[in-house]
Amino acid sequence: MLEQKIYSLKDVVTKTSYTTKDIRHFVRAELIPSIGKTEKNPRFDEFDLQWIRTIRHLQHCHMTDDEIRRYASLYAAGTSTIPERKKMLDAKRQELEAEIYDLQAGLDFISYRQEYYDRIRHCDIDGAAQILLESDMCMF
């Protein structure tokens, strides 16, 4: 039987690029299912490392600590919670898609304005640039 590799907090920091403060926060906030929040010198295994990487992805999805803790607790409860975990991810997906839509609208507006100002700068018809500027607030 292969021996399970155990990692110290320092090892985890090196392997994950999180800070010691971050990892201690994850432990205290009970975001790592297999480690109790009161452990002063927690030891981590490969599962914990993978879970810490999962936390990074969940954070990129704008999940709060409470949401991650709930997700971790559902994970620890087993496969019967897969539908609920999927529902959580579906809700987060909808939030992210709405945010992406809003961000894209902002980028589209900026692109439109940049092109508009380029047209004004390159306008070589007398008075046309001033007319374009005066109608600036009516655009888009």
Side-chain angles (χ1 to χ4, degrees):
M1 182 173 163
L2 291 176
E3 187 175 316
Q4 175 74 342
K5 177 95 170 117
I6 301 298
Y7 302 100
S8 68
L9 180 61
K10 184 178 177 181
D11 295 331
V12 172
V13 167
T14 302
K15 289 184 171 294
T16 65
S17 75
Y18 274 114
T19 66
T20 301
K21 184 179 176 182
D22 291 332
I23 302 300
R24 288 195 186 282
H25 169 76
F26 296 163
V27 170
R28 278 191 308 277
E30 300 180 87
L31 303 183
I32 305 171
S34 63
I35 298 181
K37 71 177 180 177
T38 58
E39 292 187 39
K40 291 188 185 234
N41 294 309
R43 296 290 179 209
F44 304 85
D45 61 19
E46 287 296 330
F47 170 82
D48 300 322
L49 286 177
Q50 285 302 322
W51 191 260
I52 290 167
R53 290 180 185 110
T54 297
I55 291 171
R56 181 182 309 276
H57 292 294
L58 296 174
Q59 287 174 327
H60 286 166
C61 296
H62 298 190
M63 276 198 179
T64 64
D65 280 358
D66 288 341
E67 291 170 322
I68 294 171
R69 185 178 310 105
R70 176 76 180 133
Y71 189 85
S73 134
L74 290 169
Y75 178 87
T79 58
S80 66
T81 66
I82 286 174
E84 192 170 351
R85 284 183 270 159
K86 186 174 183 319
K87 186 176 178 181
M88 283 183 75
L89 293 176
D90 287 343
K92 193 52 69 173
R93 178 187 194 97
Q94 289 177 5
E95 289 175 27
L96 289 173
E97 286 173 345
E99 186 175 340
I100 289 168
Y101 178 84
D102 289 344
L103 289 171
Q104 186 61 56
L107 282 173
D108 291 346
F109 175 78
I110 288 170
S111 294
Y112 170 81
R113 284 295 174 165
Q114 288 175 325
E115 290 172 16
Y116 175 73
Y117 295 137
D118 285 344
R119 284 195 311 270
I120 290 172
R121 281 192 351 208
H122 295 99
C123 188
D124 49 357
I125 302 172
D126 290 338
Q130 186 59 38
I131 292 168
L132 285 172
L133 282 172
E134 288 170 1
S135 66
D136 187 34
M137 289 301 115
C138 300
M139 299 291 192
F140 204 83

Self-check item: Contacts of type side chain to side chain contact (heavy atoms under 4.5 Å, CB included), residue T81, not counting sequence neighbours
Solution: L74, A77, R85

Exercise. With the side chain counted from C-beta on, respond yes when I55 and I32 share a heavy-atom pair under 4.5 Å apart, and no when they do not.
Key: yes

Practice problem: Consider only side-chain heavy atoms of I, L, V, M, F, W and Y, link residues closer than 4.5 Å, and tell whether L58 and F47 are in one cluster. | Solution: yes

Exercise. Output yes when a side-chain donor or acceptor of D118 lies under 3.5 Å from a complementary backbone atom of E115, and no otherwise.
Key: no

Exercise. Could you check T14 against D11 for side chain to side chain donor-acceptor pair (under 3.5 Å), going step by step and ending with a plain yes or no?
Key: CA-CA 5 Å; T14 302; D11 295 331; 5.8 Å; no

Practice problem: Tell me, please, which residues at least two apart from K92 pass salt bridge (charged side-chain N to carboxylate O under 4.0 Å, His left out). | Solution: E67, E95

Self-check item: Full working for side chain to side chain contact (heavy atoms under 4.5 Å, CB included) between K5 and D45
Solution: CA-CA 6 Å; K5 177 95 170 117; D45 61 19; over 6 Å; no

Practice problem: For Y75, look at atom OH and say whether over 12 heavy atoms of other residues, nucleotides or ligands are found less than 6.0 Å away. | Solution: no

Quiz item: What distance separates I68 CD1 from M88 CE, expressed to the nearest 0.5 Å?
Solution: 9.0 Å

Quiz prompt | Side-chain heavy-atom pair L89, M63 within 4.5 angstrom cut-off | solution = yes

Quiz item: Is any side-chain heavy atom of Y71 less than 4.5 Å from a side-chain heavy atom of L31?
Solution: no

Practice problem: Kindly say whether the aromatic ring centers of F44 and W51 come within a distance under 6.0 Å. | Solution: no

Quiz item: Which pair of non-hydrogen atoms, one from R56 and one from S17, has the smallest distance, and what is that distance?
Solution: NH2-OG, 3.2 Å

Quiz item: With distance as the sole criterion, is a donor-acceptor pair present between the side chains of D22 and T19 under 3.5 Å?
Solution: yes

Practice problem: State which residues pass side chain to side chain contact (heavy atoms under 4.5 Å, CB included) with T20; sequence neighbours excluded, sorted by chain then number. | Solution: L9, V13, R24

Practice problem: Return the set of residues passing side chain to side chain contact (heavy atoms under 4.5 Å, CB included) with D90 (not counting sequence neighbours), or none when no residue passes. | Solution: K86

Exercise. Over all heavy atoms of both residues, which pair between K15 and R53 is shortest? Give the atoms and the distance, please.
Key: O-NH2, 3.8 Å

Exercise. Determine the interplanar angle of the H57 and H60 rings, folded into 0 to 90°, and report it as parallel if under 30°, tilted if 30 to 60°, perpendicular if over 60°.
Key: perpendicular

Self-check item: same_hphob_cluster(I6, V27) at 4.5 Å side-chain heavy-atom cutoff
Solution: no

Side-chain donor-acceptor distances from residues 97-105 under 3.5 Å, at least two apart:
| from | atom 1 | to | atom 2 | distance (Å) |
| --- | --- | --- | --- | --- |
| E97 | OE2 | R93 | NE | 3.1 |
| E99 | OE1 | H62 | ND1 | 3.3 |
| Q104 | NE2 | D108 | OD1 | 2.8 |

Exercise. Write down the atom of I35, the atom of R43, and the distance for their closest heavy-atom approach.
Key: CD1-O, 3.7 Å

Self-check item: Under the ring-ring contact (aromatic ring centres under 6.0 Å, His included) test, residues paired with Y18 that sit two or more places apart
Solution: F26

Quiz item: Does the pair V12 and D48 meet the rule for a side chain to side chain contact (heavy atoms under 4.5 Å, CB included), with working shown?
Solution: CA-CA 9 Å; V12 172; D48 300 322; over 6 Å; no

